[in-house]
Student: 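Pasting a structure below so you can have a look.
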Amino acid sequence: MGRCAVRGCFVRPRCRYARGWRTARPQSIIGSVSHSPRGALVVISGPSGAGKTSICDELLKRIPHSRWSVSVTTRPPRGREVDGQHYRFITPEEFQRMIDDGELLEYAQYLGHWYGTPRRPIDEALAAGQTVVLEIDVQGGAQVAQRMPESIRVFVLPPTMDTLKARLEGRQTESETLQQKRLAEADGEIAFARSSGHYPHVITNDILEDSVQQVLEIIERERHK
Ligand code: 5GP
């Protein structure tokens, strides 16, 4: 395994937003998801505090036969998060094993912790015609775009950076330092989403209901292409 040239993190040579790092990934996780006509894979990304989770929650309520993809993460639980429901909280060793065994559709590091999407539940749900909703960061979104180009990818922007700051500060579950770090990540994430071409759909989440309607329309349009 290489070390990240930018931050020294493990697993891959360059950690964030770097094009071409994909070549350093284990071959075993590339190209193994079927592309047959099945359910829809919806990817929602955006900076922390943009309101992705609220949008995803509404999508799951409104889209029949939809399900949430439970990610695995090495970060500790926050607030009222329940293991197996919001995330599966695992050790770095278990995360590494999942990478090595090709169990993750995508994975990325965000603020020092690893996050990844287990592949099998997604394969099964799509095969059963379900709509699967993924809330993942832009690095993960880029990997999904490459492996499953038919996925529907939406990037959620806050109305303004001040709003983002206020939303993050309003969270009671994190330290001020962590909130600042999340805010500092936002510019890079937004720039990447705009420049990478992996997010054909960009919405601004000002009023939740409007955003949900926009995403529902995007899904509807994409499914009938
Ligand atoms: P949080 O710590 O706020 O739950 O998540 C931090 C970031 O990681 C968010 O941008 C969230 O969307 C992203 N994230 C959550 N699960 C996954 C995942 O499975 N893969 C990737 N790549 N990012 C994830």
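Indexing begins at 1, ligand by ligand and atom by atom, following the structure's order. Keep in mind that what you see is a predicted model, and the values were worked out from it rather than measured.
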Student: Considering only NZ, NE, NH1 and NH2 on the basic side and carboxylate oxygens on the acidic side, decide whether Arg97 and Glu93 come within less than 4.0 Å.
Tutor: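 No, Arg97 and Glu93 are not salt-bridged.
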Student: Determine, for Glu174 against Arg78, whether the closest basic-nitrogen to carboxylate-oxygen distance falls under 4.0 angstrom.
Tutor: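 Salt bridge flag = yes for Arg78 with Glu174.
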Student: Considering only heavy atoms, which protein residues lie less than 4.0 Å from any atom of ligand 1?
Tutor: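 Lining ligand 1: Lys52, Ser71, Arg75, Arg78, Tyr87, Glu106, Ala108, Tyr110, Tyr115, Gly116, Thr117, Glu135, Ile136, Asp137, Gly140, Arg182.
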Student: Do Glu209 and Arg62 meet the salt-bridge criterion of a basic N to acidic O distance under 4.0 Å?
Tutor: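 Counted as a salt bridge, because a side-chain N and a carboxylate O are separated by less than 4.0 Å.
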Student: Say whether Gln214 and His201, considering side chains only, have a donor N or O and an acceptor N or O under 3.5 Å apart.
Tutor: no
Student: If the condition is side-chain contact (heavy atoms from CB on, under 4.5 Å), which residues does Thr163 pass it with, not counting sequence neighbours?
Tutor: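 If we apply the side-chain contact (heavy atoms from CB on, under 4.5 Å) test to Thr163, skipping adjacent residues, the hits are Pro159, Thr160, Arg167.
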Student: With the threshold set at 4.0 Å, does a side-chain nitrogen-carboxylate oxygen contact exist between Lys181 and Glu185?
Tutor: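 Looking at Lys181 and Glu185, the cut-off is not met.
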